[in-house]
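Here is how names work: the chains are called A, B, and so on, in the same order as the sequence lines, proteins then strands, and each is numbered from 1. Computed from a predicted structure; not experimentally measured.
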Amino acid sequence: MSQPIRVLLAKVGLDGHDRGVKIVARALRDAGMDVIYTGLHRSPEEVVTAAVQEDVDVLGVSLLSGVQMTVFPKIFDLLRTNGADDMIVVAGGVMPDEDVVNLKKMGVSEVLLQDTPPQLIIDTLTCLVEERGAR
Amino acid sequence: MGVYLPSVELIARVQRGEPAAIGRLISRAESGMAEARDALARIHKLAGRAHVVGMTGVPGSGKSTLVSQLAQRLRAGGDKLGIIAIDPSSPYSGGSILGDRIRMSDLSADPGVYIRSMATHGATGGMARAALEAVDILDAAGFGVIILETVGVGQDEVEIVRASHTTVVVSAPGLGDEVQAIKAGLLEIADIHVVSKCDRGDANRTLTDLKQMLTLGIHEQAPSDWAVPVIGTSSVSGEGLDELLGAIARHRDLASDTDAGRARRKSIAEFRLRKTAENLLYDRFNAATAAASAKLAEQLMRRESDPYSLAEELLSTTLEGEGDHERDVHSKSA
Amino acid sequence: MNETFTQNPLEKLRGEIEHWESNEVAAFLSKQAERKEQFFTTGDFPVQRVYTAADIAETPLEDIGLPGRYPFTRGPYPTMYRSRVWTMRQIAGFGTGEDTNKRFKYLISQGQTGLSTDFDMPTLMGYDSDHPMSDGEVGREGVAVDTLADMEALYEGIDLENISVSMTINPSAWILLAMYVALAEKRGLDLNRLSGTIQADILKEYMAQKEFIYPIAPSVRIVRDCISFCGRNMKRYNPINISGYHISEAGASPLQEAAFTMANLIVYVEEVLKTGMNVDEFAPRLAFFYVSQADLFEEVAKFRALRRCYARIMKERFGAKNPESMRLRFHCQTAAATLTKPQYRINIVRTAFQALAAVLGGCQSLHTNGYDEAFAIPTEDAMRLALRTQQVIAEETNVTNVIDPVGGSYYLESLTNEFEKRIFEILDYVDENGGAIKLIEEGWFQKQIADFAYETALRKQSGEKPVIGVNTMVEEDENQEIETHPYDYSTADRQIARTKRVRAERDNARVETLLEELVSVAKDETRNIMPVTIELVREGATMGDIVEKLKPVWGTYRETPVF
C-alpha cells in the first residue's frame, strides 16, 4: 500500500479569494490525496514552517492579489534555509504570462491558472511526484 | 534534501531538532517502509521522556482551539511542544482535507511548536502505529509535551487517545441535549473532562450534567486516588486554561511512579505492540493471499463452496507461507 | 380579488399547447432530438421548451405592477432611464492617492458619471502600508490609504457635492467613512449633500470574500454604527452596499447570490432597529450590489425578483411605511470570474452581454470589466473600452426608451416568480435554523457556495458548461500579446514616506488619548464608534493605529473552512 500524496495548500498574502483553492483541495482529496489546508492570510514564513513540519510532497500556493513576485522568492529562500529544497512548489491564481515564466525560472514546478480543470491539476501533481521519485 | 538519505542518517538531525529531518522521518514511519525500521528502533530507545497528552472530543467541541491556547501557555512555561492532529480520511476516496493547523495558527511562527497533521487512512491504514512512532520521533527531538489530538469518533481515534499518559475529553455546550462524551463513548476514558466555550450561557448545564454522570463512578484507567476533574474553559476569556494545565501536571506527577502509572504504561505498550503486529499481519496477509483470493473468489461466486470454508483455505495459505514476508517487506522500501 | 386571465381562454390555451406538443413538436422530435433532454439556466433552474400565458396565469397582475410602485418589480423609479440613464461607475484604484486621482480625472473626462474606489489589500484588511503583512501589496490591487492625507490626495480637485463616490471596503470601512467625513468637513462641505456609498457589508465577507478582521458580533455592530450615523448625518449617503457580487464570484449560483443578500439584509435591519431607530429613518438609504452574468433572462429575473422580495420584506416583515424604504436600488458589475486569459478579446463580448442584462434588469449604476482583468488590474485602454460598452448600450441600442422592456415575457415572468419563491424558501430555512449569523458560524452558506463552485468547475471540465476559448473553440499556440497595467515598485516607498510624515507631524499625546477613548467606546455597545473615529483620523491616526488598538478588545476572526 503506497502512501497518499501529501499536499499543503496555502493562501499567502491578504487576498481572501479561496474559491479556487477550495476546489483544488476537494478535487485532490477526492483523488485520494492528503491535503493540509493552512487557511487564509498566511505569511511565507508560516507556510514554509508548516510545509516542512508536514513534510509534504507538494506545496501549493494560491494567490490572486498579484504579489507572486514578492512571495515566491521568500518561499524558496525559506525552503533552502530549512533544508527542504526537494519540495515541489506549485503556484495557482491569476497572473500575467511574464510572471509565469519568471516563477518557473525561480523553481516553481507548475503554474496552474484560473479555469485549469481539476483533473489536470490531479494529473500534474501525480506526475510531478512520480518524476521526483523516492525521498 | 535532494538525494535519498538513509533513515538512520536522519537520527542525529532529529535529535538536534531539525524540522525537515523530523518531518521526513515521520513520513517514512507513516508509510510503514521497512527501510525506516532500524532508525525507528533507535529512536524508540532514545525516546521515553515526553509527557503524552491525548485530547479528543466530538466535532465542533473546540478542541483544536483549546490545544492551540494550551500550547501557548505551555510554551510560556518553556516546554517545547509537539502536536499530532489526526483527522479522518474520506471513506470514499481515502484522501483527506486536514485543517487543524488553521485554528492553531497562533503557534505558526514559533519554532518550539511542531505540528503534524495525520489522516486515519481507514481501519487498516496503520494510523495508531504511525502516530505512536511520530510521538517517539518528537520525543527524541526533545519535545517535552506531545499532544495527540483526534476527533472522538471511530475506534482507532479513541484508542489512540487512550494510549497516552493523560487523556483529556472535550465537550461543548450547544451541540445537543445529551452529554456528548457519553454518546460518543468517551466518558469512561477521560482522566480530565473539559467543557469548552464556557462563556456561553448554556455551558453550566453541560458542566452539571457531566459532573452528575461522573458521580456514578465510571472510570477505567485513572489511579484510584484520582478524582476526574471537570473543568470549564473559555477561549474568549482564557478562563480555566491554567486550571487545565495544573490538572494535566498533577495527573502526570501522580501517574509517574505509582502502580496505576506503571499499569497505564504497560497497557499502552501492549496496545502499541498489538497495533504494530496487526499492521504487519495485515500487510503480509494481503501480499500472501493476493493471488489465492482471486482464485477462491471465483469458486465462491460459482457457489462451489461456502465463504467460511474458503476463508479457512485462504488463511491456511497465509500461515503456511510465513517465510514470504521478507520479500514483501523489501519490495516496500523502494 | 386578484385579476387573472379568465378561465375559458386559459383552458383553450392549455388544450392548444397539448395539441402542439403531440403534433408539431412530436413530429420534429421524431426526426431529430433536441440538443439536450433538459435545459437549465446557469443557476440550475429547469426551463421549458416554451412559455405561454398559461405559465403566468396565477400571477397577480399587481405583482408585475408598474415601475416606481410597490412591489417595484419593474423598477425603483417611475421613469427610470427615460429621465437619466444609470450612473456609469468604473471602479479604479492603484498606487497612491495621486495615482488613482489621475485615473479618476481621466475617467470623468471620458464621460464617467460616478466614481468608485478600489483599495489595496492592506487598506481593505486594516494594515498600514509599512506593516510586514503589507509587503508587496501596497497600491497593487487598489489605492493605498493609511491616513487622512492619503484621502485628501485621492479626491483632490473632485467636487464631492456633485459627483457620487463609492468606496469598496468592508472590515475597515468605518475608518474610511470617517476619513471621508473629515475630508468633507475640512473642505467646508455640507455632509447632507454628499452622495455616495460605502460597501461595509461585513456578513458577505464571512460568507464569501473573506476580508475580515474582528469576530462577527463587533463587526456587525460597526455596520450598525455606520448606518445609524449616516441616517442621522448624511441624508444622501448610502452607508451600506449589501453585496451579492462577491458571493457570486466565490462560486454561488444566482439564486444563492440573491437569497443570501436578503438574509444579510434582515440581520442589518434588525441590528439597527435595536438602537431604537425607525425603519423608515434609514431604509431608504440601504443599497445593493449584484453581479450580472451572461444568462440574460435569468439575470433580469433575478433583479426583478429581488426588487419584489425586498419590497415585501421591508413592508411585511419590518413594517416600513415609506415607499422609499421598499424600493431596492442596486449597483451592478459584470462578472469578473467569467473573464478568460485565452483569447482574451472575447471578454469584451462577454462583458457587453452581461452589461445588457444589468440594464434590462434596471440597475442604478454599472461597472463593466476590462478585457484584461484575467491578467492584472485593467489598463486605461481596457477601462475606456469598458466604459464605451456602456455608452453604446445607453446611446445606440434604444433599450433605455422603455422601462422594463422584457417585462411581460412569459418566460421572464415565470422565472421571476420562481426566483421569488425560492428566495423566500431559503429565507425560511435561515429563519428556522437560527438566522444568518448562526448559519455563517456553522459554515452553512460557505458550504452551499463551495458546492456550487465545485460543480461548476466539474461542468467546465466535462464541457457541459462551455467556455469559449477555454474548453471549446480553443486556439492552439495562441499568440498572447497584451499590454497589462504595470506595477510601480516605487509605490510603497512613496506611500510609506507620507504615512511616516503624518505620524511625525501629529500630536501623539492627543492621538493616544483618543485611542483610549476609542477603546472605551468599543467596550460600550450602546455607543456609536463613528464620532471618535472621525476625531482620530482628523488628528492623524493611521488606519493601523485604530485597527490594531481594537484587536485586543474584540479579538480577531479565524474561519473554519468548509469544503
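Residues meeting the side chain to side chain donor-acceptor pair (under 3.5 Å) test with B:S235, sequence neighbours left out: none. Legend: residues meeting side chain to side chain donor-acceptor pair (under 3.5 Å) with B:R129, ordered by chain and number and at least two apart, are B:E133, B:N279. Applying the side chain to side chain donor-acceptor pair (under 3.5 Å) criterion to B:E18, with sequence neighbours excluded, gives B:R13, B:R16.
When each of B:S27, B:G99, B:G94 is scored by its heavy-atom pairs under 4.5 Å with chain A, the top score falls to B:S27. Of the residues considered (B:S89, B:G23, B:S93, B:S96), B:S96 shows the highest number of contacts with chain A, using heavy-atom pairs under 4.5 Å. The residue among B:I102, B:N286, B:D100 with the most heavy atom pairs within less than 4.5 Å of chain A is B:I102. Of the listed residues (A:N82, A:I36, A:D34), the one with the most heavy-atom contacts under 4.5 Å to chain B is A:D34.
Residue contact with chain A, scored on non-hydrogen atoms closer than 4.5 Å, involves the backbone and the side chain of B:Y114 alike. A:R6 touches chain B through its side chain: at least one heavy atom from C-beta onward sits under 4.5 Å away, while N, CA, C and O do not. Interface remark: B:I115 contributes backbone and side-chain atoms alike to the contact with chain A (heavy atom separation under 4.5 Å). Looking at B:S90, the atoms closer than 4.5 Å to chain A (heavy atoms on both sides) all sit in the side chain, from C-beta outward.
Residues of residues 52-73 of chain A lying under 4.5 angstrom from chain B, judged on non-hydrogen atoms, are A:V52, A:Q53, A:E54, A:D55 by number.
Closest heavy-atom contact between B:M55 and B:L66: CE-CD2, 3.5 Å. Counting all heavy atoms, side chain and backbone alike, A:V47 lies closest to A:R42 at CG2-CB, 3.7 Å. The two atoms that bring A:A50 and A:T38 nearest to each other are CB-CG2, 4.3 Å, heavy atoms only. The two residues A:K104 and A:V111 come nearest to each other via the heavy atoms CE-N, 4.1 Å.
Counting non-hydrogen atoms of neighbouring residues, nucleotides and ligands closer than 6.0 angstrom, the CZ atom of B:R73 exceeds 12 such neighbours.
Checking side-chain atoms of B:R75 against main-chain N and O of B:D79 turns up a donor-acceptor pair under 3.5 Å. When atom types are taken as modelled, the side chain of B:S196 and the backbone of B:S61 share a donor-acceptor pair closer than 3.5 angstrom.
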